[in-house]
*Asks:* 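Pasting in a structure now, in structure tokens, and then I'll have a few things to ask.
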Amino acid sequence: METERSQKEMLHVGRPNLGDVDVFKQLVDQIFENRWFTNSGELVREFETRLCEYLGVRNCIPVCNGTVGLQIAAHALGLTGEVILPAFTFVATAHALQWEGIKPVFCDINVDNHDIDPSKIDSLITDRTSAIMGVHIWGRPCNTDAIQEIADRRDLIVMYDAAHAFGCKQQGQMIGNFGRCEVFSFHATKFFNTFEGGAIATNDDELAAKIRLMKNFGFARMDEVIHLGTNGKMPEICAAMGLACFEKLDEVVSTNRRNFEEYRQGLDGIPGIRLISFDEIEMANWQYVVIEVDQGRTGVSRYDLMQHLHKNSVRARRYFYPGCHRMEPYCSLYPDQTSVLPRTDELCDRVLELPTGSAISIADVNYVCEVIRQHVPGTSS
Ligand SMILES: *Cc1c(COP(=O)(O)O)cnc(C)c1O
């Protein structure tokens with residue numbers, strides 16, 4: 001068994017998927033020829049069209065990153081007061097709200113799908129609540145029907161952090177079409193990347209018009225600012241990467257799927273290790289290989305297992321440890337929220353993400369599984 005790998009050979013979670021490198025290079029030449037780097041250039045406009053076609057959504061506005069996308073979306077929707085969201089998410093979900101002066105109210109999750117538990121939402125609604133923000137964790141869609149039902153009944157807005165869920169479907173419908181809007185991240189570590197970037201998808205043209213203004217300083221046209229705005233623009237180079245990634249999209253999905261199946265076989269029979277699954281029928285991006293470590297059955301803690309993997313050049317990661325509610329500023333601002341999320345705490349202590357994506361081969365997957373098998377006592381081989 002190998003023990004030492006060079007930095008380049010280390011098996012990292014979140015190694016970027018590359019897209020079609022030749023297409024990217026041609027587009028870079030085009031950018032230099034045009035001498036047009038940003039401000040609604042032709043590549044951003046083309047990328048926007050491709051996004052809308054792919055998602056079957058009326059508007060999908062590219063932005064500089066997912067976090068700013070969430071802030072702009074929250075602002076454009078007029079969210080105020082309190083917004084209900086899960087704490088089992090990347091901290092940017094909460095930060096985007098807090099940055100907008102909105103209190104994030106953390107809701108516990110459903111341990112089956114790791115998403116917000118709709119049955120826990122009602123009791124968190126106050127007269128200050130303006131919205132529910134679901135997060136499609138690992139690209140497994142939230143229960144959008146249940147969330148929408150609550151929102152309609154309680155007169156709340158629904159938006160989604162869809163950072164993980166580009167290329168995923170819910171009931172045959174692409175993610176990007178749910179709630180008032182959905183925000184994607186195209187960060188380098190995500191399924192589909194533009195180095196840094198994101199997009200806000202919405203079927204609401206009025207909302208889209210507002211978002212377009214806001215991401216460009218509130219400019220309606222030259223010399224005419226009609227709204228508070230920020231700089232949320234995606235530059236041409238990022239759109240070029242997005243267009244190059246579209247060329248390889250299906251290939252990345254099949255590589256991810258292949259790796260997932262390999263992990264499924266490789267981890268089978270290891271006591272206390274549960275690989276989280278995806279709907280076999282619904283379209284998914286298969287970008288996340290996530291295991292839950294049940295220490296009572298593995299006999300080793302999640303932390304020990306992670307250390308063992310790290311020592312063997314596998315950069316597995318804990319997610320979303322320790323949970324937004326236990327991070328600053330939330331644990332200081334809202335200390336009462338730290339004790340009311342038992343399912344979230346349970347999951348934050350169990351989850352480990354394993355490397356996949358186009359940088360990871362079948363041999364790599366087998367190696368990772370072998371490293372885990374080695375460390376968990378009582379594994380049958
Ligand atoms: C990556 C991520 C974000 C932030 O997106 P950036 O493009 O990195 O700003 C927000 N929410 C979730 C759930 C994420 O995983």
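As the structure lists them, so they are numbered: ligands from 1, and atoms in each ligand from 1. As the structure is a prediction and not an experimental result, all values here were calculated from the model.
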*Asks:* From atom 13 (C) of ligand 1, work out which of Ile137, Asp161, Asn193, Val183 has a heavy atom at the shortest distance.
*Replies:*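 It is Asp161 whose heavy atom sits nearest to atom 13 (C) of ligand 1.
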*Asks:* Measure from atom 14 (C) of ligand 1 to every heavy atom in Gly69, Ala188, Ala163, Ala96 and give the option owning the shortest one.
*Replies:*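 Of the listed residues, Ala163 has the closest heavy atom.
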*Asks:* For the hydrophobic clusters of this structure (ILVMFWY residues joined by side-chain heavy atoms under 4.5 Å, transitively), does one cluster hold both Ile362 and Val371?
*Replies:*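 Looking at the clustering, Val371 is in a separate group from Ile362.
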*Asks:* Indicate whether any N or O donor in one side chain lies under 3.5 Å from an N or O acceptor in the other, for Thr126 and Glu82.
*Replies:*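 Yes, a side-chain donor-acceptor pair sits under 3.5 Å.
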*Asks:* Identify, with sequence neighbours excluded, every residue that meets side chain to side chain contact (heavy atoms under 4.5 Å, CB included) alongside Val111.
*Replies:*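 Expected list: Arg343, Glu346.
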*Asks:* Does Leu18 belong to the same Ile/Leu/Val/Met/Phe/Trp/Tyr cluster as Phe47, with side-chain heavy atoms less than 4.5 Å apart forming each link?
*Replies:*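 Unlinked, Leu18 and Phe47 end up in two clusters.
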*Asks:* Quick one: does Gly197 get within less than 4.0 Å of ligand 1, heavy atoms only?
*Replies:*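 Yes; Gly197 lies near enough to ligand 1 that a heavy-atom distance drops under 4.0 Å.
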*Asks:* Short list, please: which atoms of ligand 1 are under 4.0 Å from a heavy atom of Thr93?
*Replies:*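 That gives atoms 11 (N) of ligand 1.
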*Asks:* For atom 4 (C) of ligand 1, which protein heavy atom lies nearest, and how many Å away is it?
*Replies:*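 For this ligand atom, the closest protein heavy atom is Thr67 OG1, 3.5 Å.
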*Asks:* Heavy-atom contacts with Gly66 under 4.0 Å: which atoms of ligand 1 show up? List them by number with element.
*Replies:*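 Those atoms are 5 (O), 6 (P), 7 (O), 9 (O).
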*Asks:* Please state which protein non-hydrogen atom is closest to atom 3 (C) of ligand 1 and give its distance, to 0.1 Å?
*Replies:*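 Checked against all protein heavy atoms, atom 3 (C) of ligand 1 sits closest to Phe90 CD2, 3.7 Å.
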*Asks:* Using a strict cut-off of 4.0 Å, indicate which atoms of ligand 1 neighbour a heavy atom of Thr89.
*Replies:*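 Close to Thr89: 13 (C).
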*Asks:* Which protein non-hydrogen atom lies closest to atom 2 (C) of ligand 1, naming both residue and atom, and how far is it?
*Replies:*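 Answer, as residue, atom name and distance: Lys190 NZ, 3.0 Å.
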*Asks:* Can you tell me which residue and heavy atom of the protein come closest to atom 15 (O) of ligand 1, and the distance to 0.1 Å?
*Replies:*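 That would be His164 NE2, 3.0 Å.
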*Asks:* Hey, are Glu182 and His136 close enough side-chain-wise for a donor-acceptor pair under 3.5 Å?
*Replies:*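 Result is yes, a qualifying pair exists.
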*Asks:* Taking atom types as modelled and ignoring hydrogens, do the side chains of Glu282 and Gln171 form a donor-acceptor contact shorter than 3.5 angstrom?
*Replies:*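 The criterion, which ignores hydrogens and geometry beyond distance, is not satisfied for Gln171 and Glu282.
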*Asks:* Of the protein's non-hydrogen atoms, which lies at the shortest distance from atom 5 (O) of ligand 1, and what is that distance?
*Replies:*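 For atom 5 (O) of ligand 1, the nearest protein heavy atom comes out as Ser185 OG, 3.2 Å.
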*Asks:* Using the benzene-type ring in the case of Trp, are the ring centres of Phe90 and Phe320 under 6.0 Å apart?
*Replies:*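 Distance test on ring centres: not under 6.0 Å, no.
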*Asks:* Return yes if a side-chain donor-acceptor contact under 3.5 Å exists between Thr202 and Asn59, otherwise no.
*Replies:*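 Distance-only check fails for Thr202 and Asn59.
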